[in-house]
Each structure stands twice: as C-alpha cells, then as structure tokens.
Amino acid sequence: MREFGIYIHIPFCKSKCDYCNFYSIPLTKLKNTYNSNFTEFYLGLLIKEIEINIKKYHLENARIKSIYFGGGTPSVMPSVFFSGLMEFIGKNFKIAVDAEITTEVNPESCDLEKLYGLKALGFNRLSIGAQSFDDGVLKTAGRIHNKNDIYSAVNNAKKAEFGNISLDLIIGLPGQTKNIFLDDINHILDIAPEHISAYMLSIEKGSLFYKIYNDKNCLPAHKSPEFIGEEKIADYYIILCEILSGQFYEHYEISNFAKKGYESRHNINYWNRGEYLGLGPSASSFLKLEDGKEIRKTNVPDLEKYIRNISRDNCEEESGRIKKRNSGQNKNDGDFAEILTKNDKINEEIFLSLRTSHGINEKRLRELAGSEIIDRFIKEGLMQNFKDNISLTLKGMLLSSEIFARIMA
Ligand code: SF4
C-alpha cells in the first residue's frame, strides 16, 4: 500500500524572531488584513489543497504514517482548526494505527486546555521551541517566551500525557557564552525530553540578524547583538554531542538526538526519500508519479499568492510550471515543481543518507560517488566505515555542506 507523510505549514506567529527566515506572518499584520474568520478560511484552503493533490497525484486510499504541523507557530491556532483538519484527513486517508502525529508548539502559546484537546485528537508528539533557557539570550533573539514559560509548557505537556516530547535548541545565539550554553544543556538534561533537535545558528537572508550582520550601521553599537563566530559554534556543537551521547541519547542525524525508539519518524521519512505531501504556503512535497518519475514541489512562500493559486485549482504541470533544476525559475515567483533527473536522485540519495548516523552502504556510495573521493574523506577523518556502511564522523557532520559540495563538484 502507498504510504506517505503529511506536513502542514502554519504561516502565523505572534511576532517575528530576529534570526528567522521561515515563511510566517505576525498575527497583528494578519488581523489588519483579514477578518476574524480567517482560521476557518485557512482550514478551507488546506482542505482544498488536499483535494487537488488527491486527484492530481492519485493519493486516494494511501496510508498516512506521519502528520507534522510546523511553522510558523501551529500553537497559535485554535483547537477547532486542528479538529477540522484531522477530521478531513481521517475521512480521506487511512491513518496508520501507529502514525506519529506531531505539532510544533511555542512555550508561550502552549496552554493545558489546548494540549488536552490535541491529545484527544490523536496527537502523540510535541516539539517545543525552547531555543535557549537564558532570558537575556532569548530576548536578544526576539523570542517572546522566557525560561519559566518553557518549564510550564513541558509541565503542561506531561499533564496532558504526552509521552514523546522534543525540545528545539539553537547553538550559537548572540550572547550565548560557553557557561550559558552549558546551562542550557543542564536544563535540557533536567527535563530529559525523548528527543532533542539542535541547530547551529546560521545568519539567513531575510532575517533581521542578516540585515544587522551585513549593515554595521543598522543599529547603534550598544544595541547590536554580539554574534558568535563559527569556530565557537562548532565547539559548542561538539560539547553538546559529547554530553548527550554520555546520557544515552543517540545522535541519529546531524542535528537530532533521541532516546532509543524516539527518533522522529516523520523526518526519517524525508531522509529515506519517502513520499510526503506538504500543505500551505512555502510547504514542500516529494511525490512519486505512476510513470516512475519523482517530483519535488514547493508552494509559493506568500499567503496571498497561495490563496490565489488554491482558489483557481492551480496545477503546476498543467500550467507548464514543471521545470528542470537550474532552469532559473525563481521560487518566490510562484509554486515551484521539478521532475528529478537521474543525477538529482543520486545526489539526494548520497546527501540524505549521509545526514544520518547509519550513513549509506559502502559499496553503493563508492559506485555513486567514486572510490577516490571517498578514500580521501576517510583519510581526512570526515567519513568512517561502520560494518558495511559509511557515515560522517563528528568532524564530517560539522563540515557536511563542504563535503556535499565536493562530491557534487
Ligand atoms: S522562529 Fe518560529 S516562532 Fe520565531 S518567527 Fe520563526 S517560525 Fe515564528
């Protein structure tokens, strides 16, 4: 039976964090533009998008093995939104009995009543955006929660009987000294979540940090955040990996750690090149067509354009939007879709497998990338053999982008 995961993007946040370049709109802006029935309206759009995709990609009767609400901030949505969407998904697909159903929540919008409601709807995993436990660091990053809010969110999650909690941490936020970072780790160990995602800060185009970083006159010197250099961030990452492995967390992917049996199944499906359907502005999908072709598509990261596209049943293929990679189409101009070439598939197989701790079968990797470069990576201490597989070492994980670029060169 055809199986896939569903990702639902909620592009709304209470306010914008200074490091963030994900597509999301502050709620205040939304309220000025749309009327109070917007939740219902957005639910209707997502339902319509599911209907379009079922018809177009013959997804009827497929089995859903994971559902993930991400954002943005899904926890700003009212319970009626989650129940409406879950009901529609349940009616149109078979949800596997053991499906992993996750929503991201932010500490300040994670009240007990909402969590009870989510639990009753079948949600069995929460991903809490902690990022740091230092109130000063959180403030500098533009977060609107504090350390106490994180603890309340975790307590609420436990009261609502969520037995699978993931905490997000950012490594290298401005002002995060080594002591503050060690303190962050101590708080995480104190909470002992089943899963931890730890991302190294990168200054992304589109974020306020990017603007400040590239324009020294953007803010008066005393107000400018103190950015931490890459070297320090790499040190922090190694410290975190070492401490967590001593606490029985498996470092199962570059940025992810889990207690045994609590690896994120939704994300594992991405790295295994399993099918998934992404819904909402900026959401991506990977689908396998009946003729053997594979398609990756990304919705336009713009709410108004997304509304227009869904309202007119936009179909990328019919409007001639399917392009080959490097065709020059700007993703921001509209929905984007591409049929993968043989080379794309090979590259994806290498990069996605190498993100994980089990890596890729050695014989297969040598066939795909060539033995010479693999031997060089092993010699440089960036890759290692493990049984029949090859995986990245810790140093290799830190330099993964460079390794992937060298393989593709
Ligand atoms: S980091 Fe999360 S909460 Fe902050 S603006 Fe981005 S999506 Fe919203």
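The structure presented is a predicted model; accordingly, all values stated were derived computationally and were not measured. Order of listing sets the numbers, starting from 1, for every ligand and every atom in it.
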For Gln131 and Leu173, indicate whether the former's side chain and the latter's backbone hold a donor-acceptor pair under 3.5 Å. no
Under 4.0 Å, counting heavy atoms only: does Gly129 come that close to any atom of ligand 1? no
For Tyr19 and Pro174, indicate whether the former's side chain and the latter's backbone hold a donor-acceptor pair under 3.5 Å. no
Restricting to heavy atoms, the pick from Lys14, Arg143, Gln131, Glu108 nearest atom 2 (Fe) of ligand 1 would be Arg143
Shortest protein contact, atom 1 (S) of ligand 1 (heavy atom only): Tyr19 OH, 3.4 Å
For Cys17, which part has a heavy atom under 4.0 Å from ligand 1: side chain, backbone, both, or neither? both
Is it the case that the side chains of Ser79 and Lys114 hold a donor-acceptor pair, with the cut-off being a distance below 3.5 Å and no angle test? no
Where is the nearest protein heavy atom to atom 3 (S) of ligand 1: which residue, which atom, and how far? Asn106 ND2, 3.2 Å
Just by distance, do the side chain of Asn156 and the backbone of Cys110 share a donor-acceptor pair under 3.5 Å? yes
Closer than 4.0 Å to some heavy atom of Thr73 - which atoms of ligand 1 meet that? 3 (S), 8 (Fe)
Is it true that Glu380 and Lys395 have a side-chain N and a carboxylate O under 4.0 angstrom from each other? no
In the protein, what heavy atom is nearest to atom 8 (Fe) of ligand 1, and what distance, to one decimal place, separates them? Cys13 SG, 2.2 Å
Check whether Lys48 reaches the backbone of Ile310 with its side chain - one donor and one acceptor, N or O, closer than 3.5 Å. yes
Would a distance-only check, ignoring hydrogens and angles, find a side-chain to backbone donor-acceptor pair under 3.5 Å from His251 to Ile254? yes
Tell me, which protein residue and heavy-atom name are nearest atom 7 (S) of ligand 1, and how many Å apart are they? Gly72 N, 3.2 Å
Would you say Cys20 reaches atom 8 (Fe) of ligand 1 with an N/O/S atom under 2.8 Å? no
